[in-house]
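Here the structure is laid out as structure tokens; the discussion comes afterwards.
As the structure lists them, so they are numbered: ligands from 1, and atoms in each ligand from 1. Just the heavy atoms: all of them, side chains too, but no hydrogens, waters or symmetry mates, feed the values below.
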Amino acid sequence: MSSMIALEAVRASAALPFEQFATLPEDDIHVRIAAAKKALGKRLVILGHHYQRDEVIRHADFRGDSLKLAQQGVAMGDARHIVFCGVHFMAETADILSSDQVSVTLPDLAAGCSMADMADLPAVTTCWEELDEVVGTAAITPITYINSGADLKAFCGENGGIVCTSSNARRILEWAFARTEKVLFFPDQHLGRNTALDMGISPDQVVVWDPALELGGNTAEALQNARVILWAGHCSVHQMFLPEHVDMFREKYPDTRVIVHPECTREVVEKADCAGSTEYIIRTIRESPKGTRWVVGTELNLVQRLNHESPDHEVHFLSPTYCVCSTMGRIDPPHLLWSLENLVAGNVVNRIQVPEHDREWARTALERMLAAG
Ligand code: 13P
Ligand code: SF4
């Protein structure tokens, strides 16, 4: 099931009783969340992605980037319930990697990822069939960024492919090139391009596949020559960072260090000092010498938190405009409270359950990623 279809299906069932929860005083909500957590004890683990707002992340037992949170889904110990403060593909990944006894809840089912919705199974299957005619798919490893539906992870599992995150994309491309001459990388063209070019692959061997066009808008010769075929997807938040924003900061503060997420365009990554996952960004800033001035190109909630939590560093946001991930923002304290109090009462609301066929093959693709290191 693509995440788009999943979201359609769940919109009908997602039902926070608005008048009961959304109008509660904020302090009361936090007290009740703490009480529900206490009642659930070790049976509950709350996972929080770094883009969650402060009022939500403060309740998370573990914070992380997509890779760290996926690993946490495997290491559940005695816990029987995961409440995932993140987006839909993350909750699906936790469901795939955790045991059948564990339930996964996404507090608001409208928390999707617009990038993940840019590739769906029918379009990727058409692409694969067209590539088979002009190149032969035996020469191609499909790689899906973890920001994708479970059915696309399953497609990769079933076709000798693998999943990657922004933390391990290079290692996963190396894994793929040890097996085949070419890769098909979806849905994020920027992570794919940034990783491939950093590995020294020539730009003329990197092409973009536009699913609206025949052969993705390429000639058969261009596809035969290509080593990396990138799906034409992107993150609407990270595309807001522009090369001129980096220039502006460098002009104002020549000593500034610029760090960005690899979902930013190539032009932005090339102008930055370094690029990496959210976890990498946090670690790099924390480990830098006291007094370092950083400009950060990733989602605003994380940058603001880094600013508060790193008093020894000066942390600025790269864009002059307000770039938040609005779908991550769907998870708010009222939805979290509602999910938890239902668990206390024995009801699992907004459960994410990947269908069996997708689950098996998606797990294969995810386990290949975890085994690759
Ligand atoms: P990370 O895995 O780096 O946290 O990235 C997830 C994401 O969705 C970035 O937009
Ligand atoms: Fe998806 Fe972009 Fe939001 Fe990350 S920041 S969850 S890629 S929309």
Ligand 1 versus [X]: contacting region, heavy-atom distance under 4.0 Å:
X      : answer
Glu263 : side chain
His261 : side chain
Asp65  : both
Met115 : neither
Asn147 : side chain
Tyr280 : neither
His49  : side chain

Identify the residue among Ile229, Leu230, Leu215 that makes a side-chain contact (heavy atoms from CB on, under 4.5 Å) with Val207.
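So, applying the side-chain contact (heavy atoms from CB on, under 4.5 Å) to Val207 and each of Ile229, Leu230, Leu215, only Ile229 qualifies.
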State which residue, out of Pro107, Cys85, Ser339, fulfils the side-chain contact (heavy atoms from CB on, under 4.5 Å) condition with Ile46.
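When Pro107, Cys85, Ser339 are each tested with Ile46, the side-chain contact (heavy atoms from CB on, under 4.5 Å) holds only for Cys85.
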Would a distance-only check, ignoring hydrogens and angles, find a side-chain to backbone donor-acceptor pair under 3.5 Å from [X] to [Y]?
X      : Y      : result
Asn342 : Trp338 : yes
Arg330 : Val87  : no
Asp65  : Ser277 : no
Asn159 : Gly161 : no

Lys NZ or Arg CZ of Arg171 over Trp175 ring: under 6.0 Å, within 45°:
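No, cation not above the ring by the 6.0 Å, 45° rule.
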Metal environment of atom 2 (Fe) of ligand 2, protein N/O/S under 2.8 Å
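Near atom 2 (Fe) of ligand 2, below 2.8 Å, one finds Cys235 SG.
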Residue-ligand contact Glu279/ligand 1, heavy atom below 4.0 Å:
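Glu279 does not count as a contact of ligand 1 under the 4.0 Å cut-off.
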Of the non-hydrogen atoms in Asp358 and Ala154, which two are nearest, and what is the gap between them?
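In terms of heavy atoms, the two residues are closest at O-CB, 3.5 Å.
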Closest approach of Glu92 and Ser148, non-hydrogen atoms and distance?
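Scanning both residues, the minimum pair turns out to be OE1-O, 4.2 Å.
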Show, in sequence, the C-alpha distance, side-chain angles and deciding distance for Phe241 and Phe317, and conclude whether the ring pair (Phe, Tyr, Trp, His ring centres under 6.0 Å) test is met.
CA-CA 10 Å; Phe241 301 107; Phe317 186 57; 5.6 Å; yes
Using a 4.0 Å cut-off to any heavy atom of His238, which atoms of ligand 1 qualify?
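Contacts of ligand 1 toward His238, numbered from 1: 10 (O).
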Those atoms of ligand 1 less than 4.0 Å from some heavy atom in Ser277:
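It comes down to these atoms of ligand 1: 3 (O).
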What residue and atom, counting heavy atoms only, is the protein's closest point to atom 2 (O) of ligand 1, and at what distance?
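Atom 2 (O) of ligand 1 sits closest to the protein heavy atom Ser66 OG, 2.8 Å.
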Under a 4.0 Å N-O cut-off, is there an ion pair linking Arg227 with Asp204?
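No, this pair does not count.
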